[in-house]
Number of protein chains: 2
Amino acid sequence: MRAQTRRLSFGQTELDGTDIRILQVLQDEGRISKSDLAARVHLSNSACFERMRRLEQSGIIRSYHARLDLDLMEDLQIFQTHVVLGSHRQEDFTRFEAYVAANDMIAECYGLGGGIDYSLTCVARRISDYQGLIDDLLSRGLNVERYYTYVVTKQVKRREIGIDRLLG
Amino acid sequence: MRAQTRRLSFGQTELDGTDIRILQVLQDEGRISKSDLAARVHLSNSACFERMRRLEQSGIIRSYHARLDLDLMEDLQIFQTHVVLGSHRQEDFTRFEAYVAANDMIAECYGLGGGIDYSLTCVARRISDYQGLIDDLLSRGLNVERYYTYVVTKQVKRREIGIDRLLG
DNA sequence: CCCGGCACCGAAGGAAATTCGGCGAGGGAC
DNA sequence: GTCCCTCGCCGAATTTCCTTCGGTGCCGGG
């Protein structure tokens, strides 16, 4: 009774409907017990465990995380910063991304196409801390031509980006 | 041996250094076993378990999630959409946010201050699916005055937004 | 038709989670 | 100062869950 309808290939790995269901459940309930997961996808514990291990080892499941309630965190400011670089050589991108990777005030970074090069989500305790980040960013010779700062006034929604849309 | 140095209050709840350490670990390793977590924060299983339950029930820990490797997902386009509303009555915001909450192509949404009202992260299988989202958005009478679309070409970084910055 | 591989199942041993009784430090009342 | 109460912690016992393993059936190729 393997194989439902839909199949997808993720890099080297082939996924059937049951794998996708497992990923969906784990995306939403990252700490569900393996027995409950097995029941949820109508598999025995051992079969489900084997699939889960395969998904983790293949790298499709990268990591698990607890999500905290930001509204309860006072003393926490979030900013979005949109960055335009002055030139678009490979080296410019590499250096900027290395900076992003190393700076732990920057929680998220998307590379964009179309007028803005990067969108950053920055976390700071005070506006002055954020300004310190920007000062640092600009002083590193990273060729930032322009940047735009937006205060995040509300975190309206946050979900994992993933598998759901592949099923419709 | 309660209480380290730093203390924070999260809404109703007081957190000491050990709580914060627990949150840090769970943010990074959401599926760590409770025994391992207890060892990591130098507590007995039962004491650590009690704290963890308190953190979950108080809502500070909202949820747990598996993070998937997007680079392995072919057939998945991500877009950032910046939205400006035509007027800023309370009702306009409420209706827009209700739309965002209900639409499952929209994975993330930040409310912003400063020229742009909302920043959305949208997930689609094809550009035409994304265009369908935009068409729908515009046809709902949500008073969207202007929007800007950026293709996400690379997910440079993605971390949980949280506790780390409260410790520096 | 027969064989091999693969995914599955169920049971058993081992590991983890959860509960519970008791202990000791700290703080308030007297 | 001292008594007592509270709170957080510990360690052991029970229960629940994880993980492995041997075995079974299905399917495709030879």
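Quick caveat: nothing in here was measured; it's all calculated off a predicted structure. Throughout, protein chains are lettered first and strands after them, A, B, ... in sequence-line order, and every chain is numbered starting at 1.
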**Request:** When you get a sec, tell me which of C:dT18, D:dC18, C:dC8 is the closest nucleotide to the side chain of A:Leu43?
**Result:** C:dC8
**Request:** Measure from the side-chain heavy atoms of B:Ser46 and tell me the nearest of C:dC9, C:dT19, C:dT18.
**Result:**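 The nucleotide sitting nearest to the side chain is C:dT19.
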**Message:** Would you say the ring centers of A:His82 and A:Tyr150 fall short of 6.0 Å from each other?
**Reply:** yes
**Message:** In this structure, is the centre-to-centre distance between the rings of B:Tyr118 and B:Phe96 below 6.0 Å?
**Reply:**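 Ring centres of B:Tyr118 and B:Phe96 closer than 6.0 Å.
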Between [N] ([atom2]) and [X] ([atom1]): distance, integer Å:
X	N	atom1	atom2	value
A:Phe49	C:dA16	CZ	P	13 Å
A:Asp16	C:dC8	CG	C1'	13 Å
A:Asp36	D:dT16	CG	C1'	11 Å
A:Lys34	D:dC17	NZ	P	14 Å
B:Ile22	D:dG8	CD1	P	13 Å
A:Arg31	D:dC17	CZ	P	14 Å
A:Glu50	D:dG23	CD	P	19 Å
B:Met52	D:dC9	CE	P	15 Å

**Asked** Does D:dC9 have OP1 or OP2 sitting under 4.0 Å from an N or O in the side chain of B:Arg51?
**Response**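 So the side-chain polar atoms of B:Arg51 do come within 4.0 Å of the phosphate oxygens OP1 or OP2 of D:dC9, strictly under.
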**Message:** Looking at D:dC18, I'd like to know if its phosphate oxygens (OP1 or OP2) sit under 4.0 Å from a side-chain N or O belonging to A:Ser35.
**Reply:**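 Checking A:Ser35 against D:dC18: at least one side-chain N or O falls below 4.0 Å of OP1 or OP2.
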**Message:** Does this structure show an ion pair linking A:Glu97 with B:Lys157, if we count only N-O contacts that are shorter than 4.0 Å?
**Reply:** no
**Prompt:** Should we count CD1 of B:Ile127 as having more than 12 external heavy atoms under 6.0 Å?
**Reply:** no
**Message:** Under 4.0 Å, heavy atoms only, any strand: does A:Ser33 hit a base, just the sugar-phosphate, or nothing?
**Reply:** sugar-phosphate
